[in-house]
Amino acid sequence: MADIDPLEREILAAVTATEDEAALETIRVAALGKKGSVSELLKSLGAMAPEERKSRGAQINRLKDRVTAAIAERREALKHVALDQRLNSETVDVTLPVRETPAEAGRVHPISQVVDELTTIFADMGFAVAEGPDIETDDLNFTRLNFPEGHPAREMHDTFFFPPKPDGSRMLLRTHTSPVQIRTMLSQKPPIRVICPGRTYRCDSDQTHTPMFHQVEGLVIDKVSHLGHLKWILEEFCKAFFEVDHVKMRFRPSHFPFTEPSLEVDIQCRRDRGEIRFGEGQDWLEILGCGMVHPNVLRNCGLDPDVYQGFAWGMGIDRIAMLKYGMPDLRPFFEADLRWLSHYGFRPLDLPTLAGGLST
Ligand code: DAH
């Protein structure tokens, strides 16, 4: 006992004094490990007489049990302390406002929103989306659309031309989405029912014109479609897009080389202190051009005008976006100013649907 008691006191004192689990493990190894102080005592048993070994052995084993228990207890206590410390240092202040995720903080540009809206509306009427390149040939942008060479209508488009190629032909930035009509008729067999939203370019810039702008073209080709269908489609579109029950539309005779007859469409509105309301009022606002596809255009695409017929229209997307969302100036659309975008932009996860609402 003479050597056991001081050893026990020494070990237990060290156990109580230690403040971290690593140090406690060092104490455990120093006492109970293979070469530890308690294990050394056990080794001394071999040299003893049987009687003495019995009582001494029991004493040492009890010492071992007490040390083991003390270490286990201390380890538990230290674990709690460590956990408390972590909980204190890693607390979350649940009263703080939640930071927005990128999907919540980002905004969809009004043009993208309007393209999604009109695609949704026309998809519901059975239209597919067709696309073409921004850089077009003179042939597709003008010639096949029945603009004769040297015709003044070409000059009216303020075209951006690329330098001429060795063969004299010039590529250009498409001045309207109408060349996608040609591409579609060349690559698909009627019946055709497509819309073609996209970027268009003209050398023009003021409050309502930018050198790059957006149009959406519509094209229907089959054997029976006529102006009555076109009127219905455009009316249904305007009601759905402007989210009103009635719109009054006015079809005025006009001229485009690629349609015959050609019409321009105005919708009735009321201008009220900078705001525009549809379905009421005395004012008319021009929103698109349209007509029956010209027989020459059908022929230029390999379609027999005695068999096939159809209609087309072209509408400025930026224009209807400005009207619908009350944006007075077109230029900030393309200035990439985050303040403008966070004011006029749309939440990314609020996708426009006919059932759920287009713009809410
Ligand atoms: N391409 C014409 C423009 O940019 C708009 C247009 C008018 C397109 C009549 C059409 C149409 O498809 O039939 O001024």
Side-chain angles (χ1 to χ4, degrees), residues 118 122 127-134 136-148 151-160 172-186 190 192-204 208-222 225-234 237-238 249-267 285-298 300-301 303 305 308-320 330:
L118 58 88
F122 283 116
F127 283 78
V129 172
E131 287 182 317
D134 292 13
E136 256 310 352
T137 61
D138 191 282
D139 181 50
L140 290 168
N141 194 81
F142 290 125
T143 311
R144 292 218 207 196
L145 283 163
N146 200 34
F147 285 80
H151 193 276
R154 289 189 179 224
E155 311 311 316
M156 283 166 57
H157 274 214
D158 298 317
T159 314
F160 287 112
L172 47 81
L173 288 173
R174 66 180 179 193
T175 57
H176 48 179
T177 41
S178 303
V180 188
Q181 285 189 33
I182 305 294
R183 289 179 173 273
T184 308
M185 285 187 274
L186 289 174
I192 290 171
R193 212 183 276 178
V194 291
I195 57 161
C196 331
R199 292 197 180 98
T200 45
Y201 305 83
R202 287 185 204 182
C203 188
D204 201 353
T208 52
H209 295 88
T210 49
M212 190 277 294
F213 58 105
H214 298 81
Q215 286 190 342
V216 57
E217 196 81 8
L219 176 69
V220 170
I221 300 288
D222 52 30
S225 285
H226 54 71
L227 279 183
H229 298 133
L230 171 66
K231 260 185 95 175
W232 181 85
I233 287 176
L234 294 176
F237 167 75
C238 285
M249 304 179 83
R250 187 167 73 173
F251 290 73
R252 281 184 289 109
S254 182
H255 173 77
F256 302 104
F258 37 91
T259 43
E260 182 57 40
S262 301
L263 308 154
E264 272 174 324
V265 180
D266 304 330
I267 56 175
L285 208 106
E286 184 195 323
I287 58 159
L288 61 92
C290 61
M292 295 301 291
V293 176
H294 197 292
N296 287 350
V297 174
L298 293 170
N300 291 341
C301 298
L303 296 173
Y308 294 108
Q309 63 184 43
F311 50 81
W313 72 88
M315 188 161 44
I317 292 180
D318 316 83
R319 179 88 185 261
I320 60 170
L330 182 60

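We count ligands from 1, going down the list as the structure has it; atoms in each ligand are counted the same way.
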Enquirer: Against S178, only a single residue in E136, Q215, E217, R144 fulfils side-chain hydrogen bond (donor to acceptor under 3.5 Å, both in side chains); can you say which?
Expert: E217

Enquirer: List the atom pairs, with distances to 0.1 Å, where a side-chain N or O of residues 288-296 and a protein N or O form a donor-acceptor pair under 3.5 Å, not counting sequence neighbours.
Expert:
residue	atom	partner	partner atom	Å
H294	ND1	N296	N	3.0
N296	OD1	R299	NH1	2.8
N296	ND2	N146	OD1	3.1

Enquirer: Among V194, N300, L298, find the one that has a side-chain contact (heavy atoms from CB on, under 4.5 Å) with M185.
Expert: L298

Enquirer: Got the residues with a heavy atom under 4.0 Å of ligand 1, by chain and number?
Expert: H176, S178, Q181, R202, Q215, E217, F256, F258, T259, G289, C290, G291, A312, W313, G314

Enquirer: Specify whether H176 and H157 have parallel, tilted or perpendicular ring planes, treating 30° as the upper limit for parallel and 60° as the lower limit for perpendicular.
Expert: perpendicular

Enquirer: Does either side chain, that of R154 or that of T143, offer a donor lying less than 3.5 Å from an acceptor on the other one?
Expert: yes

Enquirer: Assign the ring pair F122 / F127 to parallel, tilted or perpendicular, where the plane angle (0 to 90°) is split at 30° and 60°.
Expert: perpendicular

